[in-house]
Amino acid sequence: MADYKLSASLQGHEDDVRAVAFASATVVLSASRDATVRVWTLLSGPPPKYDDNISSHGDSFVNSIAYIPPYSSNSNGLIVSGGKSAIIDVRQPGQPPDSDPYRLLLGHQGNVCALDVGSDTKKPWLVSGSWDASAMIWDVEKGEPVATLEGHEASVWAVLAYDQDTVITACADKSIRIFRRNGNLVKKFKGGDDVVRALCRLPASSAPAQFASAGNDGIIRLWTLEGAEIAQLHGHENFIYSLAALPNGELLSSSEDRTVRVWRATDCIQTITHPAISIWSVAANAETGDIVTGASDKIVRVFSKSEERHADAQTIKAFEESIKASSIPQQAMGEINKEQLPGPEFLTQKSGTKEGQVQMIREHNGSVTAHQWSSAASQWVNVGTVVDAAGSQAKQEYMGKQYDYVFDVDITEGAPPLKLPYNVSQNPWEAARKFIEDNELPLSYLDQVAQFITTNTQGVSLGQSGAQQPQTAAQDPYGSERRYRPGEGPAEPAARPKAIPQKEYLSIVSATFAPMTKKIEELNKQLVSSGQKGSSLNPQNIAELSSSIKMLEKSLAPSASSQSTENFDALVDIAVHISTQWPHSDKIPGLDLYRLLAAVSPSVVTSHDPIDIFATASALSAHDTPTHAPTAMLALRFYANIFKHATGRAYARSHLSDIIAATSRAITAFMNNRNVLSAAMTVAINYSVLLSREGTEGAHDAPGLVADVIKVLGSSQVVDSEVLYRGLIALGTLLSVQELKSGVETARVRDVCSRVEKTSKEPRIVNVAGEVRALL
């Protein structure tokens with residue numbers, strides 16, 4: 001049977017291609033870190049020639065893509081993309097990239113890294129997964145979420161709309177969950193020993209297996225919907241990023257080991273090596289059986305078994321030569337003893353034992369080359385030269401593993417630095433992403449951390465020779481400890497003061513401002529067109545909205561002065577109007593805008609009463625149990641942000657009882673929601689700073705805040721490291737106030753510190769738990 005061969009190399013993206021999909025037999029979609037979605041259309045052939053158009057162009061990474069087939073309202077289907085902005089963009093093919101999208105789906109609070117489309121051809125629905133530890137099901141026509149799939153304890157890396165009533169999620173907490181479409185959890189089971197990041201529905205011919213999963217352990221697992229593991233597929237040597245099923249029942253997988261593999265049953269029948277470190281995505285064409293891949297070398301590639309769709313001989317040869325010319329960092333190959341490696345004669349005397357097997361050869365000139373066995377061709381294929389890794393003379397150990405670099409990263413003043421391990425065989429963006437995810441840091445740090453890695457390892461990566469040497473410790477611009485501080489230039493390492501008591505107020509002001517503006521404008525148009533003009537914003541509001549939000553973004557930027565001098569009264573009124581007058585399903589952008597304004601505008605508490613606004617918006621109150629986690633979270637973030645100015649702190653002090661009661665209700669209602677709990681613990685931190693500075697006079701309900709923090713830290717449901725860390729900081733700072741410490745049961749505090757240490761062994765958490773104990 002024929003093997004896949006290169007059909008086309010599609011070049012145009014300016015950064016990693018993170019996601020690919022087929023819209024039809026002749027149309028390919030791709031999403032990239034260059035903030036664009038491209039549509040590639042087959043014009044002619046053989047050999048195949050493609051034209052490309054930019055479908056959308058944003059201002060941040062696009063990491064996921066999906067295609068909704070044609071249906072009654074959209075005869076050409078819809079292109080759906082998501083990414084760092086946390087907004088899902090839905091647009092019609094052929095729309096100008098600068099035009100308003102067909103729908104903007106707003107609800108996630110972090111990078112949207114996974115999308116899948118339901119099979120209903122009459123009423124399309126979508127499922128999305130995010131770094132905010134949730135998955136959401138969307139009614140595309142209404143532009144609304146119809147269910148939130150909760151209970152995840154880390155990023156949701158993959159989602160699968162398995163059938164009309166079943167949705168499967170894969171999570172960084174190493175679990176697979178099966179939900180009903182209404183949001184009810186049916187089953188949760190362990191998906192492996194590491195992060196699970198890919199899912200795929202299997203054809204009926206694979207029975208009894210019904211779907212496949214894969215992830216960071218490099219193993220593909222086949223499952224039934226009951227959670228029974230049917231088989232394991234071994235062959236990849238690094239993270240598996242993506243899975244797809246071919247129309248003939250075979251399975252595709254793409255990996256950090258530079259390969260796409262084709263599987264029949266449990267056997268790998270073809271290995272397609274790429275001249276790139278990360279093969280982020282692979283997709284199959286349901287009509288032709290062709291394959292498309294997206295990789296870290298910025299190129300989209302199409303492969304086909306059909307001779308008429310093969311690239312010309314010159315293009316195929318150039319592709320094969322680019323693979324041979326690749327330099328493979330030594331870490332990727334494990335320990336190598338050159339003296340024991342066979343010479344080139346091995347390649348003609350010995351056959352491989354399985355498809356994709358790698359054999360290293362010591363060439364006559366002393367270099368080491370890697371060769372991969374092709375079962376179809378019955379020969380060894382040169383896939384690159386193994387080079388000495390940068391930094392290999394000075395390996396550093398972290399968590400039991402050897403790394404070329406282990407950087408110190410200072411994120412929070414007064415807190416222990418976080419460790420950033422890195423090997424030059426890794427993709428810098430992937431290392432940065434993993435560091436941010438592991439430490440639950442804002443996605444806004446991603447660019448800085450990745451650029452820091454690239455700069456301080458001199459950009460050593462796949463395709464470069466080992467002759468380029470990394471910086472030595474003496475050359476390290478961040479001091480002998482190689483410490484990095486987001487937003488700062490080179491500096492000598494400073495002494496690390498204790499984390500407790502917390503001295504400064506914290507805010508939560510990360511946001512995607514342009515999509516927020518578009519969403520408000522889109523929803524306002526819908527109100528007007530549906531006859532609800534009385535609830536809509538007036539034309540002057542809309543005309544001024546964009547410039548006002550840009551001004552707000554500037555005021556919230558890290559480089560802005562500590563106290564904004566801009567007048568945001570009109571924008572506050574708009575946010576309050578949306579939050580209280582618009583339909584409940586449309587309130588989120590208004591509440592989001594309101595919580596951002598809380599950090600810079602005293603009028604949020606002088607012109608309006610936030611407690612009344614959140615009660616009217618059914619978001620959060622001291623007297624009713626909240627039912628909608630996103631709105632409750634935004635209310636809590638608002639209360640955290642008002643501590644940034646004196647007017648807000650005065651309001652927080654005078655309304656301490658109501659705010660603490662509302663926070664307590666949110667904690668009780670959403671004990672398994674990391675976003676709500678993280679916001680609640682930030683409120684607790686800010687109150688702890690306020691009370692430690694100004695004393696507890698009149699703050700009769702402050703002990704209730706201590707009890708709520710202990711409740712969170714003591715709950716077995718709470719495992720998120722950032723929630724635990726913030727909770728410990730809040731508890732320790734509260735206990736530094738003698739009046740509050742005297743009413744606390746010390747044995748209970750010791751118990752929760754022990755539970756937290758067992759739950760998360762991160763050094764920063766263990767250290768702060770020790771500081772809390774020392775206060776008792």
Side-chain angles (χ1 to χ4, degrees), residues 4-20 28 30-34 38 40 61-63 65 197-198 218 235-244 252-262 270-283 291-303 311 315-333 356 358 369-372 381-387 389-390 422-434 450 453-454 457 459-466:
Y4 281 98
K5 289 188 177 181
L6 182 70
S7 176
S9 291
L10 309 180
Q11 300 187 44
H13 281 299
E14 298 175 359
D15 210 330
D16 290 38
V17 180
R18 286 304 306 266
V20 291
V28 171
S30 60
S32 169
R33 280 191 172 129
D34 66 9
R38 289 178 180 260
W40 309 83
F61 298 164
V62 187
N63 294 321
I65 198 161
R197 57 193 307 156
H236 281 296
E237 299 168 355
N238 213 318
F239 296 173
I240 298 174
Y241 292 126
S242 181
L243 296 171
L252 302 171
S253 56
S254 70
S255 170
E256 181 80 358
D257 65 6
R258 308 195 303 151
T259 72
V260 166
R261 297 184 185 235
V262 185
Q270 186 180 355
T271 304
I272 306 173
T273 302
H274 288 56
I277 296 176
S278 308
I279 318 303
W280 293 115
S281 182
V282 63
I291 295 171
V292 62
T293 64
S296 56
D297 63 356
K298 312 173 189 178
I299 299 176
V300 177
R301 293 181 175 87
V302 182
F303 298 87
T315 301
I316 292 176
K317 184 178 180 181
F319 173 65
E320 293 171 347
E321 290 298 322
S322 68
I323 295 171
K324 290 182 184 179
S326 298
S327 296
I328 307 170
Q330 184 173 311
Q331 302 100 311
M333 308 305 294
V358 175
T369 55
H371 299 257
Q372 200 164 61
V381 178
N382 188 331
V383 293
T385 300
V386 180
V387 299
Y422 178 70
N423 277 322
V424 295
S425 59
Q426 291 178 270
N427 182 301
W429 293 103
E430 180 62 15
R433 179 215 54 79
K434 189 175 188 307
I453 292 172
T454 301
T457 59
V460 179
S461 61
L462 189 73
Q464 296 182 341
S465 72

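What's counted below: heavy atoms across the whole structure, side chains too, no hydrogens, waters or symmetry copies. Here the structure is a predicted model, which means the values were calculated and not measured.
Side-chain polar atoms of S296 and W280 form no donor-acceptor pair below 3.5 angstrom. Inspection of the Q372 and T271 side chains reveals no N or O donor paired with an N or O acceptor under 3.5 Å. Judged purely by distance below 3.5 Å, without hydrogens or angles, the side chains of T259 and H274 never pair a donor atom with an acceptor atom.
With rounding to the nearest 0.5 angstrom, the CD atom of E320 is 11.0 Å from the OG1 atom of T273. Atom CG of N382 is separated from atom OG1 of T369 by 5.5 Å, given to the nearest 0.5 angstrom. With values rounded to the nearest 0.5 angstrom, L6 atom CG is found 7.5 Å from R301 atom CZ. Atoms CG and CG, from L252 and L243 in turn, are 9.0 Å apart once rounded to the nearest 0.5 Å. Here the straight-line distance linking atom CD1 of I65 with atom OG of S32 works out to 10.5 Å at 0.5 Å rounding.
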Verify side chain to side chain contact (heavy atoms under 4.5 Å, CB included) between I291 and V282, making sure each step is shown before the conclusion.
-> CA-CA 7 Å; I291 295 171; V282 63; 3.6 Å; yes
Residues R18, F61; criterion side chain to side chain contact (heavy atoms under 4.5 Å, CB included); working and verdict = CA-CA 9 Å; R18 286 304 306 266; F61 298 164; over 6 Å; no
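Applying the salt bridge (charged side-chain N to carboxylate O under 4.0 Å, His left out) rule to R261 yields the partners D257; only residues at least two apart in sequence or on another chain are considered. For D34, there are no salt bridge (charged side-chain N to carboxylate O under 4.0 Å, His left out) partners at least two apart in sequence or on another chain.
In terms of modelled atom types and a separation under 3.5 Å, the side chain of R38 and the main chain of G12 share a donor-acceptor contact. Between the S254 side chain and the V260 main chain, no donor and acceptor come within less than 3.5 Å of each other. For the pair D297 (side chain) and I299 (backbone), a donor-acceptor distance under 3.5 Å is present.
Here the shortest heavy-atom pairing between I279 and Y241 reads O-CD1, 3.5 Å. Taking each heavy atom of S253 and H236 in turn, the nearest pair found is OG-NE2, 2.6 Å. Taking each heavy atom of V17 and S30 in turn, the nearest pair found is CG1-CB, 4.1 Å. Heavy-atom minimum distance, A276 versus R258: O-CG, 3.0 Å. Taking all atoms of both residues into account, the shortest heavy-atom contact from I272 to F303 is CG2-CE2, 3.6 Å.
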